[in-house]
Peer 1: 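Let me give you the structure first, and then I'll get to my questions.
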Amino acid sequence: MKQVPKTKIKLTETKELIHQGYNLLRQLREDVDAPVVKAEFLTEDITAIYGEEAARKFYKPENFTREGAMPKPVLKTLFGEDGVQTLDGKEHHHRKNYFMDLMTPDRMEDYRKILDRNLTTELDKQHGEFELFDLANRVLFNSICEWSGINVDKYDLKTLDKLAHNQISMISGAVTSPTDHIKGITDRNNSEKWAQDLIKEAREHPVAEEENRALYTFANATDLDGELLPIDVAAVELLNIIRPTVALTVWMVLMGHALFAEQDVYDKLKADFDNLQDPFIQEMRRYYPFFPMLPAIAVNDVEINGYQIPKGSWVVLDLYGTNHDERTIASPEQFDIERYIGKAKDISYEEEYDMIAQGGGKFREMHRCAGEWITLHSMRVFSDHLVNKYEFTVPKQDWTIPMDQFPTYPNSKALLFKD
Ligand code: HEM
């Protein structure tokens with residue numbers, strides 16, 4: 001077995017790793033001409049792995065743990081502390097079940113209907129030029145709150161707008177300039193305060209027959225000993241539903257790019273919508289950059305692609321690199337709307353390791369994203385509206401997607417014009 005080669009490239013800030021991560025990890029691999037590479041990051045070494053085999057091993061608990069692996073700046077903004085992402089073993093399984101129990105087919109259908117209605121209302125109101133980013137942000141926030149049992153009618157429009165935007169700045173504030181990071185922390189603190197008040201209210205005034213809503217699920221959730229979760233932890237988990245759903249704003253803007261930056265994908269999809277809608281969505285999830293990588297710590301010596309990763313190593317799994325891996329994916333740099341015909345369903349419902357935009361493995365036992373089905377429904381509703389239900393003209397704009405910012409989306413935020 002070979003030793004992991006070390007690149008001469010040194011990474012001195014978290015921001016370098018996460019921001020440029022989409023291409024950076026590939027550059028590191030190319031530098032040493034190996035699929036596994038080690039680099040000096042802050043004061044430690046970090047080992048980057050990618051591809052289906054690496055992902056399969058990354059998710060095995062006998063190989064890697066998540067505990068202590070996530071850099072603090074990311075926890076303070078993106079995830080929040082003590083949430084499901086930071087747990088392992090039985091505790092993780094117990095907490096994750098609360099999330100997955102919300103995602104029943106009936107509740108997914110409820111979500112689809114709510115989003116469909118809210119998007120129709122917003123698009124009907126729209127005349128002239130508008131940013132898809134802003135519209136999607138508003139609609140996704142209102143829809144996920146409604147689905148979660150949060151009454152948004154009591155807030156004025158300005159407060160709603162602020163709450164919706166906070167969900168995105170928690171993400172962009174994860175690893176960025178010091179000012180954006182401070183804003184990310186402030187916005188997370190404000191969002192957590194908002195969510196804590198909601199949890200308190202739900203505990204004090206439970207509403208009959210709302211038990212299967214996210215708000216009441218987390219208000220009533222317990223730890224392994226049967227004790228109610230502390231309010232701040234329950235609030236972090238409620239935000240683990242709200243924040244990433246609102247972050248789907250980014251994918252809706254990328255969808256704008258896929259459909260409107262050039263005409264051919266739109267034309268193909270419109271001509272055969274029923275057959276191509278899900279393959280289009282899966283190819284979007286694979287092709288566009290979103291979540292760059294995941295960290296973990298090796299709990300045993302692990303062999304990956306013939307290289308020995310020693311116990312205790314800090315490792316990142318390159319998600320973007322795995323989704324663009326030439327060893328398993330044909331012409332990965334091409335957007336191929338037909339790539340997943342016949343396979344689209346399996347990807348998001350079976351154990352999965354080669355297309356891992358939202359993580360891989362099994363939903364309940366592993367850290368795979370709890371929101372993959374909400375994501376699919378959101379993308380189905382948006383693609384149906386953008387392609388079938390409404391007509392738009394496309395103003396001239398800057399469609400460039402910078403590869404050195406996180407999260408990334410077209411500079412123009414997808415401008416559309418509707419009569
Ligand atoms: C833009 C779409 C999304 C992307 C790219 C995304 C990506 C991810 C990734 C990469 C992970 C980590 C997987 C791992 O650690 O192995 C994750 C975990 C998670 N996601 Fe998502 N996600 C998205 C949408 C959602 C939505 C809509 C929800 C909720 C409704 C959600 C809830 C979660 C939760 C709760 C976890 C933690 C799971 C665990 O630790 O067991 N995500 N997501």
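Whatever order the structure lists them in is the order used to number ligands and atoms, beginning at 1. These numbers come from the heavy atoms of this one structure, side chains and all, not from hydrogens, waters or symmetry mates. All of these numbers come straight from a predicted model, not from anything done at the bench.
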Peer 1: Applying a 4.0 Å heavy-atom criterion (strictly less than), which segment of V84 is in contact with ligand 1: side chain, backbone, both, or neither?
Peer 2: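 Within the 4.0 Å criterion, V84 contacts ligand 1 through backbone and side-chain atoms alike.
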
Peer 1: Is ligand 1 under 4.0 Å from a heavy atom in the side chain of M366, in the backbone, in both, or in neither?
Peer 2: backbone

Peer 1: Measuring centre to centre across the rings, with the benzene-like ring taken for any Trp, is Y320 within less than 6.0 Å of Y287?
Peer 2: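 Judged by ring-centre distance (under 6.0 Å), Y320 and Y287 do not meet the cut-off.
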
Peer 1: Short N/O distance, under 3.5 Å, between Y59 and ligand 1?
Peer 2: yes

Peer 1: Strictly under 6.0 Å, is that where the ring centroids of W373 and Y349 end up?
Peer 2: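 Ring-ring flag for W373/Y349: true, centres closer than 6.0 Å.
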
Peer 1: Using a 4.0 Å heavy-atom cut-off, say whether H367 meets ligand 1 through its side chain, its backbone, both or neither.
Peer 2: both

Peer 1: Give the atoms of ligand 1, by number and element, whose distance to some non-hydrogen atom of L319 is under 4.0 Å.
Peer 2: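 By the 4.0 Å cutoff, the relevant atoms are 10 (C).
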
Peer 1: Decide, yes or no, whether a salt bridge links R364 with D101 under the criterion of side-chain N to carboxylate O below 4.0 Å.
Peer 2: yes

Peer 1: Any nitrogen or oxygen of R66 lying under 3.5 Å from a nitrogen or oxygen in ligand 1? Just yes or no.
Peer 2: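 For ligand 1, there is an N or O atom that lies under 3.5 Å from one belonging to R66.
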
Peer 1: Looking at D318 and R26, is there a salt bridge between them, counting it only when a charged N and a carboxylate O are closer than 4.0 Å?
Peer 2: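 The answer is no: the pair does not qualify as a salt bridge.
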
Peer 1: Determine, for D110 against K113, whether the closest basic-nitrogen to carboxylate-oxygen distance falls under 4.0 angstrom.
Peer 2: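 Salt bridge absent between D110 and K113.
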
Peer 1: Between E365 and K96, does at least one N-O distance fall below 4.0 Å, as a salt bridge requires?
Peer 2: no

Peer 1: Is it the case that the ring center of Y288 lies less than 6.0 angstrom away from the ring center of H257?
Peer 2: yes

Peer 1: Between Q358, H377, R364, which one has a non-hydrogen atom sitting closest to atom 9 (C) of ligand 1?
Peer 2: Q358

Peer 1: Using heavy-atom distances, let me know which of T245, L254, L102 sits nearest atom 30 (C) of ligand 1.
Peer 2: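 Selected option, by shortest heavy-atom distance: T245.
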
Peer 1: With heavy atoms only and a cut-off of under 4.0 Å, state how V250 meets ligand 1: side chain, backbone, both or neither.
Peer 2: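 No part of V250 is near ligand 1 at this cut-off.
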
Peer 1: Counting only nitrogen or oxygen atoms and a 3.5 angstrom limit, does T375 reach ligand 1?
Peer 2: no

Peer 1: Under a 4.0 Å threshold between the charged nitrogen and the carboxylate oxygen, would E372 count as salt-bridged to R285?
Peer 2: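 Answer for the salt bridge query: yes.
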
Peer 1: Which of the atoms in ligand 1, numbered in the order shown and given with their element, are less than 4.0 Å from a heavy-atom of H92?
Peer 2: 39 (C), 40 (O), 41 (O)

Peer 1: Could you tell me, atom by atom, which parts of ligand 1 come under 4.0 Å of a heavy atom of F290?
Peer 2: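 Atoms satisfying the 4.0 Å criterion: 1 (C), 5 (C).
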
